[in-house]
Amino acid sequence: MSLEVIYVTRHGFRSQWTVDPSTGNYSSFIRSPTGLPTDPALTSHGVDQANQLAAHLLKLNPPIEQVYSSPYYRCIQTIQPFVRDLKLQTQSFGNVSRGTPKIRIDLGLSEWYGLAHFDHPSSAPLNELHTFFPELDLSYVSGPAPSRHGESLPQLHDRVAKAIDLIIKRSDQEGHKAVILSTHAAVVVALGRVLTGRMDTDFGAFTCGLSKFKRRVSIASQAPLGSNDKAGIKSIVPATREQMRTEVEVESRKTQLETNTKSNTDHQHESLQHDRGSAGRGGSRLYGNWSCELDSDCSFLRGGEERGWKFSGDESFIETDDNGLWSPTPSRSDTAVDSHDSPIDTMVGAPKL
């Protein structure tokens, strides 16, 4: 059995933080459970949204068989009620033969930060997160984390494409029909673009909104591949389970090696490489083999659509002068300053009125 449906949700309503774009100093008004200013918990309203989402997810068809999440607290907290309720539902029906899924933390689903001359914060380590969320799958081996110096928009697309490519391969290998991803606004939009191939579309990204992507064609009904097509579509053609297991492991090691090599390169050179031509190339796995059947649906939420978000360019924290040197961007609005949830005035580091 191959993967047929990918559900995607954005985390619920959360508290804010600010950043000084000239220094990269992040601060928050409310202390995070992990102690990281960019890793806040959900607000009480966000918790209510997560519970409403959980009740809705239990009714989906096909049912969710595996759960993936960004490593940030708010995303795990958003999907945790569903995993708990699914376990209770399974036990109440006496279906002990089929275990309930644990939450797999995938670094490829992490928050997006724009390119910067400073280090962006990282997420909390897995063992620390496990103290808050016992539902985490500690055996899952994630792909690499994004660069601490941020990403351009094409780099975000490539990172998300690699992450979802591995998730699809694993799901095909494990026989899962439907999975769900809990992540952030920018990643929600990027996933929609990568899966459908509609790279200029602003997909919805409301808090706890639910998107649904369905595979367009079955593997058996695909036309024969030409020699030029095989490389680009290889990731969606199931092989034997042993071949697929090997391919996943090789791809994971390859991706990790590429990331390690990149991180050892001078970060100034790295940040100036915008790679505008990456979208749509075979190497980025933007296969467009999925159709969007739900676009951040919020009909099951009492508050409806809240905190929608769209891209506004590369959202970089840096600019270059005529000599190619970095210069801080102290007055850029609607950047990754507030993690794509609410507008922040970067001049004063406070919410706009």
Side-chain angles (χ1 to χ4, degrees), residues 8-19 24-43 46 50 67-80 83 102-116 118-151 155-156 158-160 162-164 166-167 180-191 205 207 252 255-256 259-260 262-263 267 309 315 317 335-341:
V8 179
T9 190
R10 181 189 174 192
H11 62 77
F13 210 91
R14 54 98 173 148
S15 58
Q16 299 178 355
W17 70 75
T18 59
V19 60
N25 182 37
Y26 284 83
S27 59
S28 58
F29 304 104
I30 301 175
R31 179 175 172 79
S32 163
T34 61
L36 302 172
T38 58
D39 196 24
L42 300 178
T43 64
V67 178
Y68 293 87
S69 176
S70 158
Y72 285 85
Y73 193 98
R74 56 194 177 277
C75 294
I76 309 172
Q77 189 181 12
T78 295
I79 204 63
Q80 183 189 42
V83 174
K102 288 183 174 291
I103 302 172
R104 292 178 170 178
I105 298 301
D106 198 294
L107 300 177
L109 302 177
S110 295
E111 177 65 286
W112 177 52
Y113 297 100
L115 291 170
F118 51 80
D119 282 350
H120 291 294
S122 60
S123 55
L126 186 61
N127 59 349
E128 181 179 346
L129 291 171
H130 189 252
T131 63
F132 299 106
F133 305 103
E135 297 86 1
L136 297 189
D137 183 354
L138 298 180
S139 66
Y140 177 72
V141 179
S142 169
S147 169
R148 292 287 302 277
H149 295 295
E151 303 163 296
Q155 288 168 346
L156 168 68
D158 287 348
R159 185 247 293 184
V160 169
K162 290 177 181 178
I164 192 61
L166 286 175
I167 288 173
I180 188 167
L181 283 55
S182 178
T183 184
H184 310 267
V187 179
V188 169
V189 179
L191 280 166
T207 49
S252 181
T255 304
Q256 184 66 61
T259 300
N260 291 341
K262 183 178 180 181
S263 65
H267 65 262
W309 181 88
E315 307 201 359
F317 283 79
T335 67
V337 167
D338 193 44
S339 177
H340 322 121
D341 278 332

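It should be emphasised that the depicted structure is a prediction, and the values quoted were computed from it without experimental measurement.
- To the nearest 0.5 Å, atom CG of residue L138 and atom CD1 of residue I103 are 11.5 Å apart.
- With contacts defined as side-chain heavy-atom distances shorter than 4.5 Å, the pair F132/I76 does not qualify.
- With 3.5 Å as the limit, one finds no donor-acceptor pair spanning the side chains of T43 and S15.
- A donor-acceptor pair is defined here as one N or O able to donate and one able to accept, closer than 3.5 Å; such a pair exists between the side chain of S142 and the backbone of L107.
- For residues 130-139, every residue pair satisfying the salt bridge (charged side-chain N to carboxylate O under 4.0 Å, His left out) rule, not counting sequence neighbours, is listed here: R84-E135, R104-D137.
- Side chain of W309 to backbone of A186: no donor-acceptor contact under 3.5 angstrom is found.
- Contact of the I167 side chain with the Y68 side chain is registered, since non-hydrogen atoms from C-beta on lie closer than 4.5 Å.
- Taking the side chain to side chain contact (heavy atoms under 4.5 Å, CB included) definition, one finds that A124 meets it with T34, L36, D39, E128, L129, sequence neighbours left out.
- Annotation: Y72 is not in aromatic contact with H11 [ring centroid separation under 6.0 Å not met].
- Between W17 and P37, the shortest heavy-atom contact is CB-O, 3.5 Å.
- The closest side-chain heavy-atom distance from F133 to V83 is not below 4.5 Å.
- Of the inter-residue distances, the one linking I79 atom CD1 with T9 atom OG1 reads 6.5 Å to the nearest 0.5 angstrom.
- When side chains are defined from C-beta on, V187 counts as touching R159, because their heavy atoms get closer than 4.5 Å.
- Between W112 and P146 there is no side-chain heavy-atom pair separated by less than 4.5 Å.
- Aromatic pair H120/F118: centroids less than 6.0 angstrom apart.
- A heavy-atom distance below 4.5 Å is found between the side chains of D106 and Y140.
- Minimum heavy-atom separation, Q77 to A50: O-CB, 4.2 Å.
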